[in-house]
Amino acid sequence: MSHSKDKEYTENLSVHRNSTLHDSQELHDDSDTTHIPFLTDDSIQRSVQKEDGTDKGYAWFILIVSCIVYIIVPGSVKSFGVLYTELLDYYDGGAGNTAGIPGVLLFLYFGLAPVSNYLGERYTYRVVIGIGSCLVLIGQTASAFVPQLEFLYLTYGIITGLGCGLIFGPCSTILSFYFDKKRGLATGIMASCSGIGNMCFPYMYKYLIEKYGLQGTILIAGAIYFHVCPVSMFLRQPKYVTRQIQERQLSKARQKEMQKCGALKRIFRFDLFKNSKFTVYLTAICLQAANTTSNKVILPGHIRGLGFGIETITLAVSLFGASELVGRILLGWFADKNVISRITIFMICSFIYAVTAFCMPYLPYKPAVIAYAVVIGAFSGSIWGLNQVIIIDCVGLKHLSPAFGL
């Protein structure tokens, strides 16, 4: 869109909002999320999407960049189970103490999403992801030289977790601004790439541990993480996000009372809970996220407890990633067909996932454990492959960043 068209767009939008706010005592775009519009008008929405070139051109390059980041960061995080068993032997710190390290990392990995998405909108996704990759490099490098297990809570848990948290949120949300009709397929492809990383990293970790030891492996992993920094330089800030920022700037004069806490409100949009669909879905996703993330640590520990070696652990974690790869792409493609609703797909996959989890303690055999890894990998795609499109169905694209953050 040219500079003159941008100017015309913002002027028209300002007139529209002036007339709306004149007759209203509250700012509806910040408080009313029960019926949230994509923009202030459907015709504006469609024209903006058409001119921004969604589903084509640079959007597919953004998908490639997001896929590379997902291979490295979520793929490596989900492969921590291989390192977990090595940490048990190296530091002899006990299963509970060792499992707390990835717990801290995962808490920050997900919990920072509201902050990282806000920072991404304000300072660009490129900058935030680049800073996150630097933090991961620092945390991983320091983790390679710590003398005691407790120090890993700081270096691997907090510092690396902060870096991963700054990467995960912006990388996950930016794609939805570049896709509309093919959003389900695009997010499914991106989410499936974590499965590629989940397939490759276990075998890479196994090889590096045998050749360089645990500390050398962590050091090399940090260098691999840092490749996210140059890759993120190719990210271009979505025009839709820049227009939202312009929209806020145009109404600043009428928001003097709200400016004191405006930034905090945009980070933690608790008014989104007024939307009953979003509240119910958020509850469901929290329960499922606890299940899927804990499996990354529980499954390798369970296999080790059954007396199987590192080869079985590596195979199970790798197959977990392979089944995720296939499941997420297929679910994203199927969701775009609109044969059944996305939330119905989510419910069916969640039911199968839960029933399978109940069966795991009663299957102390190697083939059963491998089958379990395949099933939970495939059906976890319902959570992350469809997560963003279901959120957009609930609250609209305009509120995706804070909603995904929550």
- request: Give the C-alpha distance, both sets of side-chain angles, the deciding distance and a yes or no for side chain to side chain contact (heavy atoms under 4.5 Å, CB included) between T217 and M204.
  value: CA-CA 9 Å; T217 300; M204 185 192 74; over 6 Å; no
field: Worked verdict on Y281 versus F278 for ring pair (Phe, Tyr, Trp, His ring centres under 6.0 Å)
entry: CA-CA 5 Å; Y281 177 68; F278 174 72; 7.6 Å; no
- request: List the steps, then state whether side chain to side chain contact (heavy atoms under 4.5 Å, CB included) holds for L149 with Y90.
  value: CA-CA 9 Å; L149 180 69; Y90 188 87; over 6 Å; no
- prompt: Where do L137 and Y225 land on the side chain to side chain contact (heavy atoms under 4.5 Å, CB included) test, with the steps shown first?
  reply: CA-CA 7 Å; L137 176 64; Y225 266 116; over 6 Å; no
Stepwise side chain to side chain contact (heavy atoms under 4.5 Å, CB included) check, V369 with L299: CA-CA 9 Å; V369 171; L299 179 59; 4.2 Å; yes
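Here the side chains of V69 and S232 are not in contact, with every heavy-atom distance at 4.5 Å or above. Side-chain contact between Y70 and F168 is present, with heavy atoms from C-beta onward closer than 4.5 Å. Considering only heavy atoms from C-beta on, T124 comes within 4.5 Å of V127 through its side chain. Looking only at side-chain heavy atoms (C-beta outward), F151 and S143 stay at 4.5 Å or farther from each other. Looking at L105 and Y156, their side chains come closer than 4.5 Å, going by heavy atoms from C-beta outward. Considering only heavy atoms from C-beta on, I129 stays 4.5 Å or farther from S133 through its side chain. Between F201 and S318, the closest side-chain pair of non-hydrogen atoms is not below 4.5 Å. Looking only at side-chain heavy atoms (C-beta outward), Y203 and L315 come within less than 4.5 Å of each other.
The only member of K181, R342, K182, R183 that meets salt bridge (charged side-chain N to carboxylate O under 4.0 Å, His left out) when paired with D336 is R342. The side chain to side chain contact (heavy atoms under 4.5 Å, CB included) test with T155 is passed by exactly one of T160, I138, V146: V146.
Checking T344 against S341 by side-chain atom types alone, a donor-acceptor pair falls below 3.5 Å. Side chain to side chain, R328 and S194 meet the donor-acceptor criterion of an N or O pair below 3.5 Å. Side-chain contact check for Q388 and T187: no donor-acceptor pair (N or O, by modelled atom type) lies under 3.5 Å.
Considering every non-hydrogen atom in both L400 and I392, the closest pair reads CD1-CG1, 4.0 Å. Between I391 and A403 the shortest heavy-atom distance is CG2-CB, 3.6 Å. Taking all atoms of both residues into account, the shortest heavy-atom contact from A335 to I345 is CA-CD1, 4.1 Å. In this structure, I72 and S76 approach most closely via the heavy-atom pair O-CB, 3.0 Å. Taking both residues in full, the closest heavy atoms of G321 and M199 are given as C-CG, 3.7 Å, listed atom of the first, atom of the second, then distance. In terms of heavy-atom proximity, L185 sits nearest to I329 at CD1-O, 4.4 Å.
Checking side-chain atoms of T314 against main-chain N and O of I310 turns up a donor-acceptor pair under 3.5 Å. Using modelled atom types, one side-chain atom of R126 and one backbone atom of M233 make a donor-acceptor pair closer than 3.5 Å. Put simply, the side chain of Q148 never gets that close to the backbone of Y91: no donor and acceptor are under 3.5 Å apart. The main-chain N or O of F404 is never found under 3.5 Å from a side-chain atom of N117 such that the two would form a donor-acceptor pair.
Taking CG from L166 and CD1 from I131, the interatomic distance works out to 7.5 Å, rounded to the nearest 0.5 Å. Note that CG of D89 is 10.5 Å distant from OH of Y84, once rounded to the nearest 0.5 Å. To the nearest 0.5 Å, the span separating CZ on F179 from CG on L397 amounts to 13.0 Å. Atom CG of residue L235 and atom CD1 of residue I62 lie 5.0 Å apart, to the nearest 0.5 angstrom. Put simply, CG on L87 and CD1 on I101 are 6.0 Å apart, with the number rounded to the nearest 0.5 Å. The line from CG of L306 to CD1 of I313 is 10.0 Å long, rounded to the nearest 0.5 Å.
Applying the side chain to side chain donor-acceptor pair (under 3.5 Å) criterion to T242, with sequence neighbours excluded, gives no partner residue.
Each salt bridge (charged side-chain N to carboxylate O under 4.0 Å, His left out) pair with one or both residues in residues 194-209, not counting sequence neighbours, appears once here: K206-E210. Under the side-chain hydrogen bond (donor to acceptor under 3.5 Å, both in side chains) criterion, no residue pair touches residues 107-116, with sequence neighbours excluded.
Environment of CZ in F107: sparse, with no more than 12 heavy atoms of neighbouring residues, nucleotides or ligands closer than 6.0 Å.
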